[in-house]
Amino acid sequence: MKVLLVGSGGREHALAWKLARSPQLEELHAAPGNPGIAQLGTCHPIHSEDGESLIELARNLPADLVIVGPEAPLVAGVADELRMAGSAVFGPSAAAARIEGSKAFAKEVMRDAGVPAAETMSVARTPCVVKADGLAAGKGVFMCRTQEELDAALLAVRALGETWVIEELLEGDEVSVFAICDGAGGLALAAARDYKRIGDGDEGPNTGGMGAYSPVADVSPAELDELLETVHLPVLAQLAQRGSPFTGLLYAGLMLTADGPRVLEFNCRFGDPETQAILPRVEGDLLGALLAAARGDLSQTELAVSDQAAVTVVVAAEHYPESSDSGTPIEGIEAAEAGGAVVFHAGTAERDGRLVTNGGRILNVTATADTLEEARARAYAACDLISFGGARYRRDIAESAVNVVS
Ligand code: AMP
Ligand code: GLY
């Protein structure tokens with residue numbers, strides 16, 4: 001089978017790495033891909049939002065399955081264009097991707113589906129959370145505990161030129177639960193926990209994600225099933241009823257509050273970096289599952305997950321998230337991998353035969369082991385072998401979880 005993977009980050013490298021293990025895979029192609037993905041398949045210099053060129057590539061290969069990784073092309077309707085041109089696509093239509101593309105739409109769907117979610121507030125009053133309606137790459141959410149913070153948040157969302165929603169500020173631990181969806185049914189993947197802030201102890205500004213681990217002891221297998229039943233499936237039914245069935249990866253970002261789980265957000269694609277900690281635990285054939293979903297029938301598909309634990313540490317550029325870095329040589333990946341870790345490329349490039357930095361989040365180092373403690377130790381031992389000027393990473397990924405038996 002020939003697969004075309006759209007995207008260029010660590011999430012896409014992890015997808016490529018897992019797909020490459022499928023007995024069904026004959027050829028892997030990526031657009032645009034990255035130097036890590038290039039070791040597993042052929043990269044084509046096509047931007048992930050260039051629908052026309054992607055259609056042409058999918059047709060010429062021809063690709064049996066197209067997997068769209070990032071949210072921007074999905075919200076822009078690239079999956080629709082590819083489907084109209086006859087490709088089997090794993091990734092929702094623009095109409096279904098609004099579940100991520102518009103916070104107001106997501107709230108409406110959650111309300112109609114009866115999904116437990118953070119309550120919307122009609123009047124801005126502290127404590128609350130102000131969220132810009134559209135895609136804002138993590139920069140559109142403001143936690144307001146004081147009136148000053150609320151005033152600043154309202155100014156900031158206005159400056160983004162967006163409408164906004166205001167909701168109650170919830171307390172609790174967060175968890176990400178992904179389901180592979182075929183429009184009506186879904187297959188839950190193992191839960192993962194993401195670390196959104198740049199600094200240890202959750203200090204500093206929000207980022208795309210600085211690390212992740214899986215499994216999450218707070219979510220038992222029975223609770224995972226329950227979340228699929230009470231969160232993902234009602235949303236799938238609601239989207240189908242609205243004439244926009246969701247085919248792709250439905251990501252629920254949840255807060256585990258004292259009153260039970262509450263949805264904070266939905267995303268219409270695999271999470272980054274959670275995917276890098278989840279996929280190494282998947283034992284079954286991911287390609288088979290994504291193809292079954294794209295064809296609209298997951299009913300005969302199962303995806304076994306190992307008991308192993310996985311920890312992913314994001315190695316970022318010196319000034320991330322304020323700015324990215326490019327052209328700084330990277331050393332030590334081979335040594336890190338020789339010790340058993342997997343190093344996913346997130347923001348790298350090849351220049352004059354050398355691997356260099358090219359982004360904010362540069363590498364994602366994942367290690368698996370029988371326990372989270374061991375996986376964590378291995379991941380950090382691997383990070384210590386990697387070097388580039390200004391490399392930074394959080395030291396506390398999975399730290400508070402290691403004493404919990406996985
Ligand atoms: P979102 O893009 O909606 O997931 O928001 C990004 C991050 O903001 C979440 O991962 C949470 O850490 C935080 N957040 C969002 N909504 C709430 C809420 N209602 N209460 C507390 N924290 C929230
Ligand atoms: N890890 C957060 C996200 O993918 O949105």
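Nothing fancy with the numbering, it's 1 onward along the sequence. Numbering of ligands and ligand atoms starts at 1, following listing order.
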Check your understanding: Do Ser176 and Asp194 get their side chains close enough for a donor-acceptor pair, meaning under 3.5 Å?
Key -> no
Practice item. List every atom of ligand 1 that sits less than 4.0 Å from any heavy atom of Ala118, numbering the atoms from 1 in the order shown and giving each element. Key: 19 (N)
Check your understanding: Nearest to atom 11 (C) of ligand 1 by heavy atom, Arg197, Glu174, Lys196: which?
Key -> Glu174
Check your understanding: For Lys103, is the nearest heavy atom under 4.0 Å from an atom of ligand 1?
Key -> yes
Exercise for review: For Tyr195 and Asp200, run side chain to side chain donor-acceptor pair (under 3.5 Å): C-alpha distance rounded to whole Å, both residues' side-chain angles, the deciding distance at 0.1 Å, then the answer.
Suggested key: CA-CA 9 Å; Tyr195 289 73; Asp200 287 0; over 6 Å; no
**Study point:** Atoms of ligand 2, numbered as shown, that sit under 4.0 Å from any heavy atom of Gly271
**Key:** 4 (O)
Review point. Given Ser326 and Asn358, is the side chain to side chain donor-acceptor pair (under 3.5 Å) satisfied, shown in steps?
Key: CA-CA 4 Å; Ser326 76; Asn358 186 36; 5.1 Å; no
Point to revise | Where ligand 2 meets Gly208 - atom numbers and elements under 4.0 angstrom, heavy-atom basis | key: 1 (N), 2 (C)
Practice item. Would you please classify the geometry between the Phe270 ring and the Phe90 ring as parallel, tilted or perpendicular, with 30° and 60° separating the classes? Key: tilted
Study note, to complete from the structure: Looking at Thr120, Val263, Val129, the heavy atom closest to atom 18 (C) of ligand 1 belongs to Val129
Study note, to complete from the structure: Of Arg98, Arg242, Lys103, the one forming a salt bridge (charged side-chain N to carboxylate O under 4.0 Å, His left out) with Glu108 is Arg242
Review point. If you count the atoms of ligand 1 from 1 in the order shown, which ones are under 4.0 Å from a heavy atom of Leu169?
Key: 20 (N)
Practice item. Give the atoms of ligand 1, by number and element, whose distance to some non-hydrogen atom of Leu170 is under 4.0 Å. Key: 18 (C), 20 (N), 21 (C)
**Study point:** Candidate with minimal heavy-atom separation from atom 3 (O) of ligand 1, of Lys131, Glu119, Glu167, Met255
**Key:** Lys131
Review point. Checking side chain to side chain donor-acceptor pair (under 3.5 Å) for the pair Ser214/Arg281: CA distance, chi angles, key distance, verdict?
Key: CA-CA 8 Å; Ser214 178; Arg281 299 188 58 223; 2.9 Å; yes
Exercise for review: Name the orientation class of the two ring planes belonging to Trp17 and Phe344 (parallel below 30°, tilted from 30 to 60°, perpendicular beyond 60°).
Suggested key: perpendicular
**Study point:** Subset of ligand 2 atoms that lie under 4.0 Å from at least one heavy atom of Asn267
**Key:** 5 (O)
Check your understanding: Does ligand 1 have a heavy atom under 4.0 Å from the side chain of Val141, from its backbone, from both, or from neither?
Key -> side chain
Review point. Can you tell me if CD on Gln24 sees more than 12 non-hydrogen neighbours from other groups inside 6.0 Å?
Key: yes
Practice item. Enumerate the atoms of ligand 2 whose separation from the nearest heavy atom of Arg269 is less than 4.0 angstrom. Key: 3 (C), 4 (O), 5 (O)
Check your understanding: Is the closest N or O pair between Lys196 and ligand 2 shorter than 3.5 Å?
Key -> no
Exercise for review: Before signing off on this row, confirm whether Asn206 and ligand 1 have an N or O atom pair separated by under 3.5 Å.
Suggested key: no
**Study point:** ligand 2 to Asp194 polar contact by distance, N or O atoms, under 3.5 Å
**Key:** yes
Review point. For ligand 2, is there an atom lying under 4.0 Å from some heavy atom of Phe270?
Key: no
Review point. Taking NZ, NE, NH1 and NH2 as the nitrogens, is one of them in Glu171 or Arg145 under 4.0 Å from a carboxylate oxygen of the other?
Key: yes
Review point. Just checking, is any N or O donor in the side chain of Thr257 or Asp259 under 3.5 Å from an acceptor N or O on the other one?
Key: no
